[in-house]
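See structure below.
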Amino acid sequence: TDNCTGTPLVEWVSDVVTGTCSKTMTRTYRVSDACGNVTTVTQTLTKTDDTQAPAVSCPTSPQIRIIPPSATQYTTSGTEFNPVSLTDNCGTVTATNNLNGNATLAGQTFGLGNTAVTWTATDGCTNSSTCTFTVTVQRGAIDIVKTGTLNMTVVNPTGRVDTGDRINYTFTVTNTGTTTLYNVVVTDANPNVIITGGTIGTMAPGATANATGVYTLTQADINAGIFNNTATASGVDGNSNPVSDNDGDTQTLTQSPALT
């Protein structure tokens, strides 16, 4: 409208387009009337061209990490758990994760067991996509139970402790951790304990293995009135972290005086 006689003249001046996925066009017009008065007006038009979601790829699943027996959690190193790839058909795309809400997991800690990680990629037009993988934290642990049985029937007379009688041992070894153990062996602090089956090798989590041992008593043992010693089960995890456990056994050797 105008207060002068005649119809105002409307002329297009320019179009300025900004944005990539979501585009905004600012169109400018010049309006003049019959009296020579001139003014400009603008019109804003918005158009969303992109409806395609960005592409995001996660690390392979599961991501297994083995921590030392004394540790309780794993700390992320750098970008190892960040998206492997992040692309979009236009504009800038960002990714955030479900654990800390940030664009990186550097320094994030993971406890024992399985933790699901989801990355969400969002582009400038709010199109989004996700990928998910699992971080599995494992820890090695081992347990040994040593049981000794005094055998007083080896040397006559039976029923009393004599030189040459034996202590028979059983060793029960269990992988009580959550990762496979390797080079598992059973040893005894006393080198005179003869162990059979002490080289166990590889043990899966939860696996149990058995070994046996025998010790022949000496007169010095009988004079002492007691015999105790300790067995050890040892091995390494997949990162060569050592694991071990000890268990002891004590046998009372009751002396039987005799005169002939």
Side-chain angles (χ1 to χ4, degrees), residues 1-2 7-32 38-68 71-140 177-180 204-206 237-239 241:
T1 62
D2 190 59
T7 301
L9 175 63
V10 179
E11 300 174 282
W12 171 85
V13 176
S14 65
D15 288 333
V16 177
V17 179
T18 58
T20 52
C21 298
S22 180
K23 296 179 180 179
T24 299
M25 182 175 68
T26 302
R27 176 166 291 176
T28 302
Y29 299 91
R30 182 173 54 247
V31 182
S32 58
V38 179
T39 187
T40 59
V41 294
T42 58
Q43 180 185 27
T44 301
L45 304 172
T46 301
K47 180 182 179 182
T48 300
D49 291 332
D50 178 38
T51 58
Q52 180 176 329
V56 57
S57 297
C58 284
T60 57
S61 187
Q63 289 287 309
I64 298 175
R65 299 295 185 271
I66 301 173
I67 59 177
T72 59
Q73 60 187 16
Y74 177 80
T75 301
T76 305
S77 175
T79 61
E80 63 176 323
F81 295 145
N82 285 5
V84 175
S85 63
L86 183 63
T87 59
D88 190 51
N89 64 331
C90 66
T92 302
V93 58
T94 59
T96 56
N97 67 80
N98 62 313
L99 299 183
N100 60 23
N102 296 329
T104 181
L105 279 169
Q108 179 71 28
T109 58
F110 291 83
L112 288 170
N114 299 320
T115 301
V117 178
T118 299
W119 282 100
T120 300
T122 306
D123 66 15
C125 291
T126 69
N127 301 304
S128 64
S129 61
T130 62
C131 68
T132 300
F133 68 102
T134 299
V135 175
T136 301
V137 179
Q138 300 177 343
R139 182 175 62 188
T178 56
T179 189
T180 299
D237 63 25
N239 284 345
N241 296 309

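Residues Val13 and Tyr29 share a closest heavy-atom pair of CG2-C, 3.8 Å. Among all heavy-atom pairs drawn from Ala53 and Ser128, the shortest one is CB-O, 3.5 Å.
Panel note: side chain Asp123, backbone Asp88; no donor-acceptor pair is recorded below 3.5 Å. Listed for the Asn97 side chain is a donor-acceptor partner under 3.5 Å among the backbone atoms of Asn102. Put simply, the side chain of Thr178 gets close to the backbone of Arg139: a donor and an acceptor are under 3.5 Å apart.
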**Asked** Between Val93 and Thr87, is a side chain to side chain contact (heavy atoms under 4.5 Å, CB included) present by the stated rule, with each step listed?
**Response** CA-CA 7 Å; Val93 58; Thr87 59; 6.0 Å; no
**Request:** Decide yes or no on side chain to side chain contact (heavy atoms under 4.5 Å, CB included) for Thr115 and Leu99, but give the supporting numbers first.
**Result:** CA-CA 10 Å; Thr115 301; Leu99 299 183; 4.3 Å; yes
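Looking at heavy atoms from C-beta onward, Thr72 lies out of side-chain contact with Leu112 at the 4.5 angstrom threshold. Between Leu105 and Val135, every side-chain heavy-atom pair lies at or beyond the 4.5 Å cut-off.
Taking OG1 of Thr179 as the reference point, atom CD1 of Ile66 lies at 3.5 Å (rounded to 0.5 Å). The distance from the CD atom of Glu11 to the CZ atom of Arg30 is 4.5 Å, given to the nearest 0.5 Å. Distance CE/Met25 to CG/Asp15: 4.5 Å, rounded to 0.5 Å. For the atom pair Asn82 CG and Thr104 OG1, the distance stands at 3.5 Å (nearest 0.5 Å). Taking CG of Leu45 as the start and OG1 of Thr26 as the end, the distance is 8.5 Å to the nearest 0.5 Å. Between the CG atom of Leu86 and the OG1 atom of Thr94 there is a distance of 7.5 Å, given to the nearest 0.5 Å.
Counting only residues at least two apart or in different chains, salt bridge (charged side-chain N to carboxylate O under 4.0 Å, His left out) contacts with residues 92-109 are absent.
Applying the ring-ring contact (aromatic ring centres under 6.0 Å, His included) rule to Phe110 yields the partners Phe81; only residues at least two apart in sequence or on another chain are considered.
With hydrogens and angles left out, the side-chain atoms of Thr132 and Thr118 include a donor and acceptor closer than 3.5 Å.
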Side-chain donor-acceptor distances from residues 54-63 under 3.5 Å, at least two apart:
unit_1, atom_1, unit_2, atom_2, d
Ser57, OG, Ser85, OG, 3.1
Thr60, OG1, Gln63, NE2, 3.2
Ser61, OG, Thr134, N, 2.9
Gln63, OE1, Arg65, NH1, 3.4
Gln63, OE1, Arg65, NH2, 3.0
Gln63, NE2, Thr60, O, 2.8

